[in-house]
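Residues take their numbers from the sequence shown, with the count starting at 1. These numbers were taken from a predicted model, which means no experiment stands behind them. Heavy-atom basis, side chains included; hydrogens, waters and symmetry copies ignored.
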Amino acid sequence: AFEDLTGLPCDRVLGKADAWVNLVHSEDIEWVAKARYNASAEHQDIECRVIRTDASVRWIAGRIFPIWSDTEQQETQPPDYIAAIVRDVTETRAVNHQLFQAQKMESLGQLTGGVAHDFNNLLTVILSNGQLLANRLTEQPELARFANMIVKAAERGAGLNQQLLAFSSKQQLQPKVVCLNELVEETAQMLSRTLGESIRLTLQLDEQSLWSKLDPGQLQNALVNLCINSRDAMPNGGHLQIRLTGIKLDKQFGVEGPAAHIAVKDDGCGIAQ
């Protein structure tokens, strides 16, 4: 089991008290040494990284404990041996990390939903008062222009708020007929500020306007998630393309007839088949 874990033959470490130093990750050596020292008196629970011969890192967890050949000397003499029993917990830690990330995302979604609802109340006041001002200032064009700017800014804020609610899954589906060309283009403009300078985003839209009945916030959310995944698959930068084309389905996915096809393509490392 030791050889499977470390890649080292046992004869490289048997009878060599300091052999562990070459196995333990450099950042963990100090506190493992402290645990070994304290294990002369009582058992110590440990969790640390070991470096395999192929340079890969594995996490181990277990217990270091003292052994006396003569138990009557346990109270007065140092132990004859220090022993350890450990197990490989690399996969367990990875699963726990994924669970932690999922819980963080859930908490973030709850927080986003609460903030978005409060923000929506503020926007309602701004929007209604802005529209009221604009209606009363029709004879004063200069002031009316400022009032209309307030209204437009509040409307953009409301659109952003809908995206926050869609992200937090707090928004009920609200299907409506939309032009996909305009929706995808608007999403791409938002993404261009999010993806960073190392990602080159291109947009390819069908020459004809494609219309569909759907919840625009949910579609945008799906597109954003796909593009963020693509960005993460290209840590050194690359090309990301969003393509919208009109197609005709022949009993595909239980649907046939005219359809819209949205594709997200990137230069990333890809996923095995």
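Rounding to the nearest 0.5 Å places CG of Leu123 at 10.5 Å from CD of Glu155. Between the CG atom of Leu240 and the CG atom of Leu203 there is a distance of 10.0 Å, given to the nearest 0.5 Å. Between Ile199 atom CD1 and Ile228 atom CD1 the span is 9.5 Å, to the nearest 0.5 Å.
Between Thr202 and His239 there is a side-chain heavy-atom pair separated by less than 4.5 Å. Residues Ile51 and Thr6 form no side-chain contact, since every pair of their non-hydrogen atoms from C-beta on lies 4.5 Å or further apart. Counting heavy atoms from C-beta on, the side chains of Leu191 and Leu201 come closer than 4.5 Å. Contact annotation: the side chain of Asn96 never approaches that of Phe100 to less than 4.5 Å [non-hydrogen atoms, C-beta and beyond]. Contact annotation: the side chain of Leu180 never approaches that of Trp211 to less than 4.5 Å [non-hydrogen atoms, C-beta and beyond]. A heavy-atom distance below 4.5 Å is not found between the side chains of Leu133 and Phe146. Proximity of Glu185 to Asn181: side-chain heavy atoms (C-beta onward) are nowhere separated by under 4.5 Å. In this structure, Phe65 and Ile85 have side chains that are in contact, with non-hydrogen atoms separated by less than 4.5 Å.
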Dump the intermediate steps for side chain to side chain contact (heavy atoms under 4.5 Å, CB included) on Glu186 and Gln220, then the final yes or no.
CA-CA 9 Å; Glu186 178 186 329; Gln220 282 189 319; 3.5 Å; yes

I would like to know whether Thr124 and Phe119 meet side chain to side chain contact (heavy atoms under 4.5 Å, CB included); could you show each step before the answer?
CA-CA 9 Å; Thr124 300; Phe119 188 45; over 6 Å; no

Applying side chain to side chain contact (heavy atoms under 4.5 Å, CB included) to Ile60 and Cys48, what does each step give before you reach the verdict?
CA-CA 6 Å; Ile60 61 170; Cys48 68; 3.8 Å; yes

Before giving the answer on side chain to side chain contact (heavy atoms under 4.5 Å, CB included), spell out for Ile262 and Leu219 the whole-Å C-alpha distance, their side-chain angles and the decisive distance to 0.1 Å.
CA-CA 10 Å; Ile262 302 176; Leu219 178 60; 4.1 Å; yes

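Other residues, nucleotides and ligands contribute at most 12 non-hydrogen atoms within 6.0 Å of the OH atom of Tyr37. Within 6.0 Å of the NE2 atom in His25, the count of heavy atoms belonging to other residues, nucleotides or ligands exceeds 12. More than 12 non-hydrogen atoms from other residues, nucleotides or ligands lie less than 6.0 angstrom from CD of Gln101.
Nearest heavy atoms, Ile67 versus Ala83: CD1-CB, 3.7 Å. Shown here for Ala39 and Ile64, the closest heavy-atom pair between the two residues is CB-CG2, 3.5 Å. Scanning all heavy atoms of the two residues, the minimum distance from Asn148 to Ala134 falls at OD1-CB, 3.5 Å. Minimum interatomic distance between Val264 and Cys227 (heavy atoms only, all atoms of both residues): CG1-SG, 4.2 Å. Heavy-atom minimum distance, Ser40 versus Pro66: O-CB, 4.1 Å. Leu223 and Val184 get closest at one heavy-atom pair: CD1-CG2, 4.2 Å.
Contacts classified as salt bridge (Lys or Arg N to Asp or Glu O under 4.0 Å) and involving residues 38-59 (residues at least two apart or in different chains) are given here: Glu27-Arg49, Asp28-Arg49, Asp45-Arg63, Glu47-Arg93, Arg52-Asp54, Arg58-Asp88, Arg58-Glu91. Residues in residues 125-150 take part in these salt bridge (Lys or Arg N to Asp or Glu O under 4.0 Å) pairs, two or more places apart or across chains: Glu142-Arg145.
In the hydrophobic clustering of this structure, Ile29 groups with Trp31; members are Ile, Leu, Val, Met, Phe, Trp, Tyr whose side-chain heavy atoms approach within less than 4.5 Å, directly or through other members. Note: the hydrophobic cluster containing Val21 does not contain Leu8 (ILVMFWY, side chain heavy atoms under 4.5 Å, direct or indirect links).
Using modelled atom types, no side-chain atom of Ser212 and backbone atom of Leu214 make a donor-acceptor pair closer than 3.5 Å. With Thr90 contributing its side chain and Trp59 its backbone, the two residues share a donor-acceptor pair below 3.5 Å. Judged purely by atom type and a 3.5 angstrom limit, Trp68 has no side-chain atom pairing as donor or acceptor with the backbone of Tyr81. Remark: the backbone N or O of Leu244 is not paired with any side-chain donor or acceptor of Asp206 at under 3.5 angstrom. Side chain of Asp215 to backbone of Pro175: no donor-acceptor contact under 3.5 angstrom is found. Distance alone, capped at 3.5 Å, places no donor-acceptor pair between the Asp266 side chain and the Gly238 backbone.
For the residue pair Ser69 and Asp80, a side-chain donor N or O sits within less than 3.5 Å of a side-chain acceptor on the partner.
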